[in-house]
Amino acid sequence: MMRFARSVVRRGAVIPGSMGADLLEKAESGEMQRSECPALMIDYLAPSLDTTISAIASALMLLAQHPDQWAALKADPSLIPNTVNEVVRLESPLRAFARYVERDTEIGGVSVSAGSRVAVFYASANRDERVWDDPTAFDVTRDAAAQLGFGQGAHGCAGQGLARLETQSILRSIVSRVDLIEITGEPTWGLNNIIHKLDHLPLRLTASGKDQ
Ligand code: HEM
């Protein structure tokens with residue numbers, strides 16, 4: 001991928017107006033080094049595709065499994081941004097990242113010594129029964145803004161604005177056009193250490209009478 005990204009930068013092979021074009025313009029104007037562009041392009045690509053694809057697939061699966069929630073969304077599409085939070089909460093696309101422990105400390109009654117690494121399991125935090133009522137329930141009306149599936153702090157997900165936009169766009173484009181979302185076969189989950197994602201999700205979408 002690095003080789004590919006370098007050749008994209010060398011050839012200037014980016015779509016006008018794209019995020020890649022943005023980077024090359026910044027290099028051109030001296031705001032950053034051209035040598036930084038390939039790694040940054042990979043930062044746009046590597047963490048962005050499977051995560052968002054996972055969120056979109058999980059959204060469709062959950063809405064198919066919970067027709068009452070799909071009906072709630074159809075009745076009030078202003079719930080779509082919150083629905084994305086609720087989907088990322090319940091099916092957290094990123095399994096875990098690690099944190100380096102700088103000084104001896106204690107987490108939840110467990111001593112952790114400086115120099116250790118701690119695995120941060122997003123799905124676990126997102127189902128913490130001390131924070132969430134009925135944590136395993138899918139409820140598009142609960143306020144899910146506090147979910148941690150995009151991480152938090154200085155290294156919180158840099159692309160969450162785009163991921164939210166993409167997932168919301170899919171839901172907005174079908175909310176008035178589709179009456180029924182049905183699962184027509186067994187969904188299967190991928191075997192992947194990093195991303196929690198569906199490999200296969202056979203669906204049938206039934207169009208609503210009116211097309212808007
Ligand atoms: C639903 C989709 C996504 C999920 C669930 C997700 C989740 C995450 C998580 C949990 C982190 C780590 C945060 C931390 O360490 O505290 C992260 C980091 C990051 N994400 Fe995403 N992400 C998604 C989509 C995207 C997209 C679309 C992009 C780029 C266009 C992106 C770019 C990044 C980058 C560059 C970082 C590293 C930030 C840093 O270390 O400073 N992500 N993401």
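Each ligand, and each atom within it, is numbered from 1 in the order the structure gives.
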- Task: Answer with yes or no whether the hydrophobic clustering places L24 together with V8; edges join I, L, V, M, F, W, Y residues whose side-chain heavy atoms lie under 4.5 Å apart.
- Result: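 Looking at the clustering, V8 is in the same group as L24.
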- Query: Should F121 and W189 be regarded as members of a common hydrophobic cluster, given that ILVMFWY residues are connected when their side-chain heavy atoms come within less than 4.5 Å of each other, either directly or indirectly?
  - Reply: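 No, it is not one cluster - the side chains of F121 and W189 are not joined through contacts under 4.5 Å.
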- Which pairs, with at least one residue in residues 69-99 and sequence neighbours excluded, count as a ring pair (Phe, Tyr, Trp, His ring centres under 6.0 Å)?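 Checked against ring pair (Phe, Tyr, Trp, His ring centres under 6.0 Å) - neighbours excluded - no pair reaches residues 69-99.
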- Task: Using 2.8 Å as the cut-off, note every protein N, O or S atom close to atom 21 (Fe) of ligand 1.
- Result: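 N, O, S partners closer than 2.8 Å: C157 SG.
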Would you find more than 12 non-hydrogen atoms of other residues, nucleotides or ligands less than 6.0 Å from [X] atom [atom1]?
X	atom1	answer
E102	CD	no
D128	CG	yes
Q65	CD	yes

Which of the atoms in ligand 1, numbered in the order shown and given with their element, are less than 4.0 Å from a heavy-atom of [X]?
X	result
Y122	10 (C), 12 (C), 13 (C), 14 (C), 15 (O), 16 (O)
F97	11 (C), 12 (C), 15 (O)
L162	30 (C)
A55	1 (C)
G149	5 (C), 7 (C), 10 (C)
P93	5 (C)
Y44	29 (C), 30 (C)
R99	14 (C), 15 (O), 16 (O)

- Item | Donor-acceptor contact below 3.5 Å, side chain T51 vs main chain P93 |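 Between the backbone of P93 and the side chain of T51 there is no qualifying donor-acceptor contact (under 3.5 Å).
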- Task: Give the residue, atom name and distance (to 0.1 Å) of the protein heavy atom nearest atom 35 (C) of ligand 1.
- Result: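 Ranked first by proximity to atom 35 (C) of ligand 1 is D43 O, 3.7 Å.
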- Item | Top protein contact for atom 41 (O) of ligand 1, by heavy-atom distance |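 Nearest neighbour among protein heavy atoms for atom 41 (O) of ligand 1, to 0.1 Å: H155 ND1, 2.8 Å.
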- Any idea which heavy atoms bring Q152 and R99 closest together, and the distance?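 Q152 and R99 have their closest heavy atoms at O-NH2, 4.4 Å.
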- Query: What pair of heavy atoms forms the shortest contact from D143 to W132, and how long is it?
  - Reply: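 Smallest interatomic distance, heavy atoms only, reads O-CZ3, 3.6 Å.
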- For S7, the option from R3, R11, R10 that meets side-chain hydrogen bond (donor to acceptor under 3.5 Å, both in side chains):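 Per the side-chain hydrogen bond (donor to acceptor under 3.5 Å, both in side chains) rule, the option paired with S7 is R11, out of R3, R11, R10.
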- Message: Looking at R34 and E28, is there a salt bridge between them, counting it only when a charged N and a carboxylate O are closer than 4.0 Å?
- Response: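 A salt bridge is present here (some side-chain N lies under 4.0 Å from a carboxylate O).
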- Backbone, side chain, both or neither: what part of E166 comes under 4.0 angstrom of ligand 1, heavy atoms only?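 For E166, there is no contact with ligand 1 at all, from either part.
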- Query: Is at least one protein non-hydrogen atom found at under 4.0 angstrom from atom 3 (C) of ligand 1?
  - Reply: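 Yes, at least one protein heavy atom sits under 4.0 Å from atom 3 (C) of ligand 1.
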- Query: What is the distance from atom CG of L79 to atom CG of L171, rounded to the nearest 0.5 Å?
  - Reply: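 Interatomic distance, L79 CG to L171 CG, rounded to 0.5 Å: 11.5 Å.
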